[in-house]
Every structure is written in C-alpha cells, then in structure tokens.
Amino acid sequence: MPRPDKEESVVFDLVEDNGPGDAPDAGPDAAGTGPSLLSGLPRPSRRTWVIAAAVVAAVAVTTVSVDLVRDHRRAELMRTSSVGVASLADPPEETWSVPFDVAAGRDSGARMDQQLVVMDGLLVMPPVSTGSSPDGSVTGVFEAPPGFTDIVAVDPGSGEVAWRVPVEKSPVCGPTGYDASISTELLVCVHGPDDDRRVLAITPDGATRSRPLDLAEGERAFPGPDGMVVRTVRTGEPIGYLACDESRNCPPRILEQGRSVRVTAEDAGTGAERWTSTLEFDPTLSDNCQTWPANADPSDAPVTDPDLTMVNVGAESVSVEGCGVSATLSVAGVRLDPTDDDVIGQVWVSELGSGRFAVEGQAAETVVVDAEGEILRTVDGWMQPSRTAPDAPDDLWFVTRPSGVGFAAVREDGSEAWMALDESRLALAARDVVVVNRGNRLLGLDRATGAKIWEWADDDPRGLVGFRTFTDGETIAEQLLPQDGTGEGALVAIDLGTGDELWDVPLAGSVVAVDGYLVDLTSDGVRGLG
C-alpha cells in the first residue's frame with residue numbers, strides 16, 4: 001500500500017471476520033475494496049473485552065483511591081497547624097455552639113479578645129480575670145467581661161465540652177495566646193486571693209494538681225511554659241510608690257536607682273527549682289513605671305512604682321518587663337537578649353518556633369539565636385511574623401529591609417531570593433505561593449521567584465481589612481475584620497493557585513483553626529464552622 005500524502009485523510013474500514021478458525025480472505029470484494037487491515041489479526045474474545053474493561057475500571061478506581069489517600073494525608077497534615085483547615089471546599093456553616101457563662105449582651109458590638117491554648121486537639125479557654133491586672137497591682141471595680149467562669153475545654157469538631165475546671169479569684173493561666181498557635185501538655189494557672197495564691201496544673205484530660213505557693217513578702221508568681229511557675233521578687237530595701245506631692249514636686253523624669261529582680265522557675269507540680277536568674281536594674285524613664293495601686297480608683301492619677309514587674313509567657317520563653325528591667329529567658333533560664341553596654345535602646349525577642357528566636361533592636365538587623373543563646377545567623381532587616389502552612393518548605397526567611405518598604409524573601413545562606421515592594425505584609429507562606437496582604441488586596445506570589453501569580457481585591461465597600469489567613473493546601477480562607485473593631489466581618493475563600501474567589505460568608509467574631517476545624521469566638525460564645 002503506497003504511503004498516503006500528509007494532507008490526504010486516511011480512512012480505515014474495520015471489517016469483522018470470524019476469527020482465526022475461518023477461511024482466509026478471498027481477495028477484493030465486489031465493490032473493489034481491498035482486504036481489511038485487521039483481517040489477519042485474531043478477533044478479541046468476549047473474555048478479552050471483559051478483562052480490558054476491568055483493567056480500565058481498576059485504573060479509574062485506583063486513581064480515585066490515590067486522590068482520596070492524598071486528600072486524607074493533606075487533611076491530616078493541616079490538622080497539625082494553627083493555619084491549617086482539613087477542607088475549605090464548601091462555605092462553612094454553624095455546626096455547634098457553646099454559650100459563654102457571661103455573655104456580652106445584645107448591645108455589645110465588641111469583638112472577643114479571648115486567651116486560649118490547644119491541648120491534645122481540644123480548644124481550652126481560661127476565664128477572663130476581672131478586677132486585677134496580671135501582676136495583681138490593680139483591683140478596681142470593672143464590669144465582668146464576656147467569657148467562661150471556669151477553664152473550659154471544647155472539642156472543636158463536635159462542640160462537646162470535654163471538661164471544666166473551676167478557679168478562684170484573679171486566675172492567670174499560661175502558656176496561652178490569641179491565635180491557637182500554642183499547644184501544651186500542661187496548663188499552669190495561678191489563682192486565689194493575694195494572701196493565699198495557689199498553683200493549679202491541668203493535663204489534657206482535665207486532671208488537676210494543686211498546691212499552695214507560700215509567697216514571700218513582695219514576691220509574685222506567674223504561670224510559665226514547659227510546666228513551670230515563675231516567681232519574681234525585687235531584692236534590697238523597698239523604695240515604695242513615688243507620686244507628686246501637694247507642692248507638685250514629682251518624681252524625676254529618669255529613675256537612676258532601683259532594685260534588681262530575682263527570677264526563679266520551678267516545676268508547677270512539685271515546686272522543685274529549675275533555675276534562678278537575677279536581672280539588674282537599668283536607669284529608665286519614670287513614665288515606664290506608672291501604675292495604679294491595689295484598690296485604687298482607675299480615675300485617679302497613676303503613681304510611679306519602682307518595683308513594677310510583669311511577666312509575659314510564650315510557648316518557649318518568659319519575658320520579664322517592668323521598671324528598669326526588660327529581659328527574655330528561654331525555658332532553660334538562658335537570657336536571649338544581649339546584655340552588653342554597646343546595645344542602645346530597647347531589644348525585642350520573638351519566638352520563631354523549633355527553639356529559635358529573633359532578637360531585634362534599633363540596629364537594622366536581626367540576630368537569630370537558639371534556646372542556649374548561641375547565634376545561628378544574622379539577617380539584614382527585621383523578621384516578619386510568619387504564618388506558614390504545614391506543607392511549606394523551610395527554605396526562606398521573610399524580612400523587612402531597613403528601608404521599611406515591602407519585605408524580602410531571604411535564603412538560608414543569607415542571599416536574597418526576591419523582594420516584595422510597596423507597603424505589604426506577609427499573610428501566609430504556602431507550599432508554592434506566598435500570599436501578601438496590601439490593605440484590602442491579596443497577592444499570590446510565586447514562592448521561588450516572587451513573581452505575581454494572581455491578585456484579589458474586596459470590591460464590597462465594607463471597610464474590612466485582612467486579619468488572619470487559613471489554608472487546606474489548595475484554598476485559602478481570608479478573615480476580614482472591620483477596621484474600627486466593631487460590626488460584622490467576613491470569611492472569603494480564594495483558590496491558592498489562581499486567585500479566584502470561591503465563596504464569601506459573614507463572620508460574627510474572630511476565627512481560629514484547631515485540629516483542622518474552624519472555630520468562631522464571638523462576644524456571646526463559641527461556635528463551630530464546618
């Protein structure tokens with residue numbers, strides 16, 4: 001058969017024969033058509049066709065099964081992160097609700113500022129303390145804020161209250177945060193009247209262990225990370241409050257003298273000492289030492305307290321702030337901020353996770369240290385707070401350059417991969433895309449090059465701005481909140497690869513992700529979105 005011309009269509013007539021047992025082809029038929037090209041081949045039997053169909057079906061089933069396994073693995077991975085949601089395929093609806101013991105009431109438009117922590121997949125919410133600041137220095141008359149009166153653990157999938165633990169006066173618990181990013185195996189609370197403060201240790205199943213603190217005069221106790229209680233006390237002779245007298249003679253603008261702070265960490269359950277550190281007093285502005293004495297009327301003028309001391313707890317560190325002192329210590333008691341005289345101005349220490357910390361000051365650089373204070377690297381600029389998807393590689397740092405315009409993606413070796421210009425902040429670092437927030441716009445940038453892949457803008461004039469971003473690995477959900485802090489927000493789903501908007505639902509409160517579920521914290525209670 002001659003080779004056909006490339007532009008000539010070729011038609012094959014498939015002529016059925018009777019299989020290999022029949023007579024050979026007798027040649028051209030009456031119409032002059034040549035023998036079938038398939039006439040020399042055996043005809044597939046019915047069994048062959050059944051087997052072939054079964055293979056095709058098996059391939060299809062296998063493909064679906066692989067997809068299901070992949071989706072399941074991705075969902076399980078997302079459950080490990082405070083930015084991860086098992087699925088954002090459909091608009092979420094309320095699946096359960098748990099009302100607060102003290103609700104805000106119908107006339108309240110305020111958004112919740114609830115401290116919380118994750119324990120073995122449960123959302124645990126301590127009560128909001130009333131009538132006292134964390135250091136116990138203010139006990140004026142305040143209206144009870146909305147929230148629970150006990151420590152309450154809620155299953156984020158079903159809304160079932162797993163357990164409740166009652167607490168006494170002025171409870172302070174830790175470690176806790178606002179975005180469900182802190183998980184712990186032991187929640188530590190300090191509570192009770194000033195003359196009988198106690199420590200309460202709670203495990204993920206709600207079991208408790210309590211003991212008295214037996215505080216010395218002037219000593220205060222705070223919950224710490226890693227199952228610790230942190231005690232602070234000023235050393236030396238007391239100075240007392242400083243205030244303006246009737247002749248308007250006021251404390252000096254700069255306090256040159258003050259007492260050092262001794263910080264002691266002990267095991268919350270047993271009371272065994274873990275470490276002690278002494279923080280020396282540094283001259284400071286008296287404005288940094290203002291407070292209201294216990295039982296004072298908040299409308300009165302503040303006084304200067306040279307002994308003012310506060311403790312803030314992270315997942316892996318303890319920060320001690322107060323009059324003439326400012327220091328951050330790791331759970332091992334190692335001071336992470338520099339103490340040499342060459343450092344000018346205030347220094348900030350932020351947790352980067354996995355035992356790494358960013359140390360930043362007035363100098364236009366960030367020093368990254370480990371829990372032992374060893375310097376890992378120095379970066380030109382200031383580290384941007386990073387919400388990182390659990391499937392994203394750990395290959396880039398996101399740093400605001402000294403110019404203050406945009407931020408840079410920096411490789412592990414310190415070289416710059418790309419630069420995001422204009423006023424922007426990092427919303428989410430995903431596997432292949434970096435999501436950037438610019439006002440009411442979101443940009444999806446290629447993780448490798450920084451090139452813009454897509455752009456999304458909120459065209460509805462609602463006065464909303466991006467607040468928090470979640471992902472299931474394929475879609476992001478952007479939480480938009482009112483700029484003035486009151487009123488209704490929104491949750492918008494956007495395809496992570498294309499930037500296409502998938503759905504938009506109203507939002508009553510502030511959303512967090514716990515164990516792969518979305519939970520909305522409103523002024524009246526907690527509700528699940530599924």
Side-chain angles (χ1 to χ4, degrees), residues 68-69 71-104 111-128 146-167 173 175-187 189 202-208 389-390 468-475 477 479 489 491 493 503 505-530:
L68 290 175
V69 169
D71 291 344
H72 176 74
R73 288 178 176 174
R74 184 176 66 242
E76 289 303 307
L77 179 62
M78 293 299 154
R79 294 181 188 278
T80 65
S81 169
S82 62
V83 305
V85 182
S87 177
L88 293 169
D90 300 312
E93 298 178 349
E94 181 179 309
T95 56
W96 56 262
S97 64
V98 178
F100 285 141
D101 299 330
V102 180
R111 311 198 78 81
M112 275 302 296
D113 204 18
Q114 170 74 55
Q115 290 273 350
L116 47 88
V117 66
V118 178
M119 301 182 72
D120 195 23
L122 297 175
L123 178 63
V124 180
M125 292 162 284
V128 179
F148 294 110
T149 56
D150 300 328
I151 304 169
V152 176
V154 176
D155 185 309
S158 66
E160 177 187 356
V161 175
W163 46 262
R164 294 178 69 116
V165 173
V167 288
C173 300
T176 59
Y178 295 102
D179 59 359
S181 62
I182 295 180
S183 297
T184 186
E185 291 299 314
L186 193 69
L187 180 65
C189 298
I202 308 172
T203 58
D205 61 359
T208 63
R468 195 172 284 158
T469 311
F470 308 95
T471 185
D472 64 0
E474 296 182 340
T475 304
Q479 181 178 179
L491 193 65
W503 47 258
V505 297
L507 189 63
S510 178
V511 173
V512 295
V514 181
D515 196 33
Y517 298 97
L518 289 175
V519 178
D520 191 15
L521 300 164
T522 74
S523 58
D524 294 319
V526 189
R527 65 186 189 125
L529 301 178

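- From Tyr517, atom OH reaches atom OG1 of Thr95 across 9.0 Å, with rounding to the nearest 0.5 Å.
- Using modelled atom types, one finds no donor on one side chain facing an acceptor on the other under 3.5 Å when comparing Thr522 with Asp520.
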Applying side chain to side chain contact (heavy atoms under 4.5 Å, CB included), run through Trp163 and Asp150 and close with a yes or a no. CA-CA 10 Å; Trp163 46 262; Asp150 300 328; over 6 Å; no
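- For the pair Thr80 (side chain) and Leu77 (backbone), a donor-acceptor distance under 3.5 Å is present.
- The backbone N or O of Val511 sits less than 3.5 Å from a side-chain atom of Gln479, completing a donor-acceptor pair.
- Atom CD1 in Ile151 sits 3.5 Å away from atom CD1 in Ile202 (nearest 0.5 Å).
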Go through the steps for Trp96 and Asp155 under the test side chain to side chain contact (heavy atoms under 4.5 Å, CB included), then give the verdict. CA-CA 10 Å; Trp96 56 262; Asp155 185 309; over 6 Å; no
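- Considering CE of Met125 and SG of Cys173, their distance stands at 12.5 Å, rounded to 0.5 Å.
- Between the Asp101 side chain and the Thr149 main chain, a donor and an acceptor come within less than 3.5 Å of each other.
- The distance from atom CD of Gln114 to atom OG of Ser510, rounded to the nearest 0.5 Å, is 10.5 Å.
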Test Thr176 against Leu116 for side chain to side chain contact (heavy atoms under 4.5 Å, CB included), laying out the working first. CA-CA 5 Å; Thr176 59; Leu116 47 88; over 6 Å; no
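- Using a 4.0 Å cut-off between charged nitrogen and carboxylate oxygen, Glu76 and Arg79 count as a salt-bridge pair.
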Trace of the side chain to side chain contact (heavy atoms under 4.5 Å, CB included) decision for Val519 with Val154: CA-CA 10 Å; Val519 178; Val154 176; over 6 Å; no
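- The backbone N or O of Pro92 lies less than 3.5 Å from no partner atom in the side chain of Trp503, so there is not a single donor-acceptor pair.
- Between the side chains of Tyr178 and Gln115, a donor-acceptor pair is found at a separation under 3.5 Å.
- Minimum interatomic distance between Thr475 and Asp472 (heavy atoms only, all atoms of both residues): N-OD1, 2.7 Å.
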